[in-house]
Amino acid sequence: MIDIKLIREQREFVKKEIEKLSVSSLIIDEICELDESKRKLLYDTECLRNTRKILSREISSEKNEEKVSAKKNEVKKINDTIKFQEEDLALIDNKLTELMLNVPNLPDPDVPLGEDDSHNVTVSYFNEKKSFEFKPLAHYEIGEKRGLIDFERGVKISGTRFYVLKKGFARLQRALINFMLDTHILEHGYEEVYPPFMVNEDCLVGTGQLPKFADNLYKDDDSGFWFVPTAEVPVTNMYRDEIIDPGLLPVKHVAYTACFRKEKMSAGKDTRGIKRGHQFDKVELVKIVLPEKAKEELSSLISDAQDILNRLEIPHRLVQMCAGDLSFSAAEKYDIEAYAPGVNEWLEVSSCSNFNTFQSRRANIKFKRDKNSRAEFAATLNGSGLALPRVMIAVIENYQTRDGLVKIPDALRKYLNDEEFI
RNA sequence: GGAGAGAUGGCCGAGCGGUUUAAGGCGGCGGUCUUGAAAACCGUUGAUGCUAAUAACAUCCGGGGGUUCGAAUCCCUCUCUCUCCGCCA
């Protein structure tokens, strides 16, 4: 959520920023109108409450019975008005909140202009593409040929977009998870958390998935639990409705979770292989930081994520999202794309975002600079570090040998019993 | 799943219809004293909204609803926590 005061005070500026996202700014006008009537009504009811309070106090000390009943009647009348106004206020307030929850974050000034992904900017390339003396196979070809990915049984036991990893590939994924976690904990200073994979609705409103993106999420109607689409949701929301003590920022967490997404929007897209499933594993980085440090924290978050690919010696590139391709909650976002020679694609293995105070306003995450200072909204950031299936694809395809084996990257050896090939 | 108990300010804890505009303690902050510190004593101490304001006012005693001139306090309801039993990886 953006600051309603900013809308109130700099309406035209906010509208202009929203339009950069290729989103209509009419919502801002609607908000301004509602906000104005809300505040007027609020002031009126507060005055009435104050009068009631004074009258009630007078009743308690009034001896004259006639005066008492006169005053009681007066308060009753006031109560009727208050009740009426409160109902009105609740209606306006609900509508206002609903609108505010649907206003996207404003783009950072450094974000390039552009309507869609064709205007994204590739910042730079890392690690040379490997050259092959044979035609590199796609991961699903290797997986099927060697019985390491079972697509048919995935569909049988669950449905389309599910698969079973077996033997060496299952092990490889487990090794990657541990490698990523250990690297972020030991080398980059993150603290590990293992959160629930199911959360309540408040969490998803807090990080911005709800109310707008309900159709990409799984939910158990019976219990009201939602399956996490990313660890960002439970980990960021650990601090919901909290005021973080002075000196505890930045908070840096790394978490492994499974992630669940309906992917209705991507129907028919990426149906081959393990690139886009309804369930996938991810190691996620989450930071809660001082607002003025958010941008530099984003840079270091990106390097922390990239470091995984560097240690695995996988070619990749860094892409900056243009305004029109920013996600709803992000002020600034960079994707890291790993190159997979088998499918000949740049795969998004990480998406690193700075949300500024957008999420912390929704989730009410605050901090204090000093013991006696006012609580302020913190900035939140997160990024994948990294998404497992696509890193699997990159490792499998980049490290494949002519005879269909996968050479284990040096960085992973110790997680795989120092073996050489899968 | 069954039975019972409970939810109050950063923490502990009183209050059970009107100086509660939440006692008292702990902790925190400021001060007195001291070479310094501790102890002791004195003062102070949250959130939200509106606002130029650390002013005034309003709201906040788990959430929602009700009774009343007036609710932390009474009633209803929901949620959560704890204890015991049952079941269980």
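Chain letters run A, B, ... following the sequence lines, proteins first and then strands; every chain starts at 1.
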Tell me which nucleotide, if any, is Watson-Crick or G-U wobble paired with [N] when both distances must be under 3.5 Å.
| N | value |
| --- | --- |
| B/U19 | none |
| B/C74 | B/G66 |
| B/G1 | B/C85 |
| B/U34 | none |
| B/A39 | none |
| B/C57 | B/G49 |

Side-chain atoms of A/Val75 come closest, of B/C50, B/C69, B/A58, to B/C69
Return the nearest nucleotide to the side chain of A/Arg8; candidates are B/C69, B/C50, B/U59.
B/C50
Shortest non-hydrogen contact from A/Leu148 toward A/Ile422
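It is CD1-CG2, 4.2 Å.
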Tell me whether the OP1 or OP2 atom of [N] has a side-chain N or O from [X] closer than 4.0 Å.
| X | N | result |
| --- | --- | --- |
| A/Asn50 | B/A56 | no |
| A/Lys72 | B/G70 | no |
| A/Arg49 | B/C69 | no |

Could you work out the separation of B/A89 and B/C74 based on their C1' atoms and round it to a whole Å?
46 Å
Ring centres under 6.0 angstrom apart (A/Phe328, A/Phe358)
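Distance test on ring centres: under 6.0 Å, yes.
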Would the A/His278 and A/Phe260 ring centres measure less than 6.0 Å apart?
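So the answer is no for these two rings.
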Determine the contact category for A/Leu55: base if any of its heavy atoms lies under 4.0 Å from a base atom, sugar-phosphate if only primed atoms, P, OP1 or OP2 are that close, otherwise nothing.
nothing
Report which part of the nucleic acid A/Arg39 touches: base, sugar-phosphate, or nothing (heavy-atom distance under 4.0 Å, all strands).
sugar-phosphate
When rounded to whole Å, the CD1 to C1' distance for the pair A/Ile243 and B/G9 reads 12 Å
